[in-house]
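Below is one structure, written out as structure tokens; the observations come after it.
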Amino acid sequence: MTFLVLLLVALILLWTPWRTGYPQEGLAPWVDWAGRRGGDRLALLAILSLLLPLGLLLWGVQGLLYGLLTLILHVALLLLCIGRHDPLGRMTHDYQAAWLRGDHAAAGLIAEQLGLQPVAEAETMPVAVQGRLVAVTLQDYFVPAFWYLLLGPLGAVAWRLLLLAAQRPVLPAARPAAMLAHALEWIPARLLGLSLALVGHFDVTLRTLRDLATDWELPGGELAARCARAALTGSAVEPVATAQQGDTLTDTRQLMIRALLTWAVIIAFLSMLG
């Protein structure tokens, strides 16, 4: 059923208006409320306590209507864990349009809206936006899929709860949530780097991944971004040439789609093996 759930979620994201999951971030109100209950660890436990009723619900519907309710609930919970950025769709379209028409000031403002810090030199902005696109794709798609495969829908929901808490520095639970979120994305980031090697410049990407894989402090998004850059350009250190900056994000989106398809093929193969 795991592959079927992932397939249904992918079809919903691709062919329905819910390309970014549900219209509203369904878990955010809970995180905002529970994240203020006591000190940092107590608040974190309060946030994760949502997993208990969800687990009971999953257990209660098991086997009903020949498993149809379980399937629907799995799909609904996994959709709840999808981010709202649409990194493989329209996330960077406005930035790309501003950059291509030469309006670097507008491009910089849009980049800040995407979550980037202001950059000193406009020439470095496309590489920074590229890194942000890769990091968001990792957090919105790859990490939820990985933990769903490993622990079921509760694993994916736990990841989303921790990520939302980590993104709210005013919450007491933000710091421990960020530490746990970093731990949960550690393995998926490296698996993404390996899949990027398979669909890009293999030798250079694999060498980049090997050099970075044991660095615990390196954020998963940064590792994935460096691997993506190596997979696209065949270089681990050189920035994208100025003449090619307009096509960088398009190429990066295509690269991430190929990596997703690689994961899909592997998951389908493992499902066939039982």
Side-chain angles (χ1 to χ4, degrees), residues 2-3 5-7 9-10 13 20-21 27 48 51 74 77-88 91 115 130-167 176-200 202 205-232 252-271:
T2 299
F3 179 72
V5 170
L6 291 172
L7 178 62
V9 170
L13 295 177
T20 59
L27 296 174
L48 294 178
L51 300 177
H74 276 229
L77 289 177
L78 190 55
L79 277 174
L80 201 61
C81 303
I82 301 298
R84 304 300 177 264
H85 301 94
D86 193 16
L88 303 182
M91 172 181 162
Q130 178 196 35
R132 177 63 178 163
L133 187 151
V134 174
V136 169
T137 306
L138 169 70
Q139 294 176 344
D140 285 3
Y141 297 144
F142 287 96
V143 181
F146 176 83
W147 288 109
Y148 176 77
L149 288 170
L150 210 62
L151 299 177
L154 294 184
V157 172
W159 155 254
R160 191 66 189 171
L161 289 171
L162 291 171
L163 181 64
L164 290 174
Q167 292 173 344
M179 295 172 62
L180 286 177
H182 173 72
L184 289 183
E185 76 175 4
W186 198 86
I187 295 177
R190 281 140 184 85
L191 291 177
L192 174 56
L194 184 58
S195 61
L196 290 171
L198 294 174
V199 299
F202 182 81
T205 309
L206 194 61
R207 185 166 61 250
T208 301
L209 177 61
R210 188 168 57 246
D211 292 340
L212 302 175
T214 57
D215 187 350
W216 174 260
E217 300 297 330
L218 183 68
E222 177 64 21
L223 180 142
R226 293 189 191 182
C227 289
R229 194 173 305 125
L232 280 175
T252 303
R253 282 193 293 269
Q254 293 301 317
L255 180 73
M256 301 306 292
I257 290 172
R258 294 199 299 271
L260 274 172
L261 292 176
T262 301
W263 278 44
V265 170
I266 294 173
I267 294 170
F269 179 72
L270 293 176
S271 299

With a 4.5 Å limit on heavy-atom distance, are the side chains of Val134 and Arg226 in contact? no
Is there a side-chain contact between Ser195 and Trp263 (heavy atoms, below 4.5 Å)? yes
Gap between atom CG of Leu196 and atom OG1 of Thr208 - 0.5 Å precision: 10.5 Å
When you look at Thr137 and Thr252, which way does the side chain to side chain contact (heavy atoms under 4.5 Å, CB included) test go after all the steps? CA-CA 11 Å; Thr137 306; Thr252 303; over 6 Å; no
Given side chains that start at C-beta, do those of Gln130 and Leu232 come closer than 4.5 Å, heavy atoms only? yes
Write down the atom of Phe3, the atom of Ala264, and the distance for their closest heavy-atom approach. CE1-O, 3.9 Å
To the closest 0.5 Å, what do you measure between CG (Leu260) and CG (Leu6)? 11.0 Å
Please examine the side chains of Met91 and Arg132, heavy atoms only from C-beta on, and report whether any two atoms are closer than 4.5 Å. yes
Tell me if a side-chain donor or acceptor on Arg160 pairs with a main-chain N or O of Ala156 at a distance below 3.5 Å. no
Main-chain N/O of Leu184 paired to Trp147 side chain as donor or acceptor, under 3.5 Å: yes
Quick one: closest heavy-atom pair of Ala231 and Leu255, and the distance? CB-CD2, 4.0 Å
To check you understand the geometry: which heavy-atom pair defines the closest contact between Trp159 and Ala181, and what is its length? CZ3-O, 3.2 Å
Determine the minimum heavy-atom distance between Gly221 and Ala135, stating which atoms define it. CA-CB, 3.7 Å
Determine whether Leu149 and Leu270 make a side-chain contact, defined as any pair of heavy atoms from C-beta on separated by less than 4.5 Å. no
List the atom of Gly131, the atom of Ala225, and the distance in Å for their closest heavy-atom pair. CA-CB, 3.6 Å
Checking the side chain of His74 only, and the main-chain atoms of Gly152 only, is there a donor and an acceptor separated by less than 3.5 Å? no
Could you tell me the separation between the CD atom of Glu217 and the CD atom of Glu222, rounded to the nearest 0.5 Å? 13.5 Å
Return the CG to SG distance between Leu27 and Cys81, rounded to the nearest 0.5 Å. 6.5 Å
Residue pair Leu223 / Leu209, side-chain heavy-atom distance below 4.5 Å: yes
Do the side chains of Phe146 and Leu192 get nearer than 4.5 Å, heavy atoms only? no
Val157 side chain reached by Leu78 side chain, heavy atoms, under 4.5 Å: no
Has the side chain of Trp216 got a donor or acceptor atom that lies under 3.5 Å from a matching backbone atom of Trp186? no
Taking every heavy atom of Tyr148 against every heavy atom of Pro153, the minimum-distance pair comes out as CD1-N, 3.4 Å
Within this structure, what is the CG-CG distance for the pair Leu133 and Leu138, rounded to the nearest 0.5 Å? 11.5 Å
For the NE2 atom of His182 and the CG atom of Leu162, what is their distance to the nearest 0.5 Å? 13.0 Å
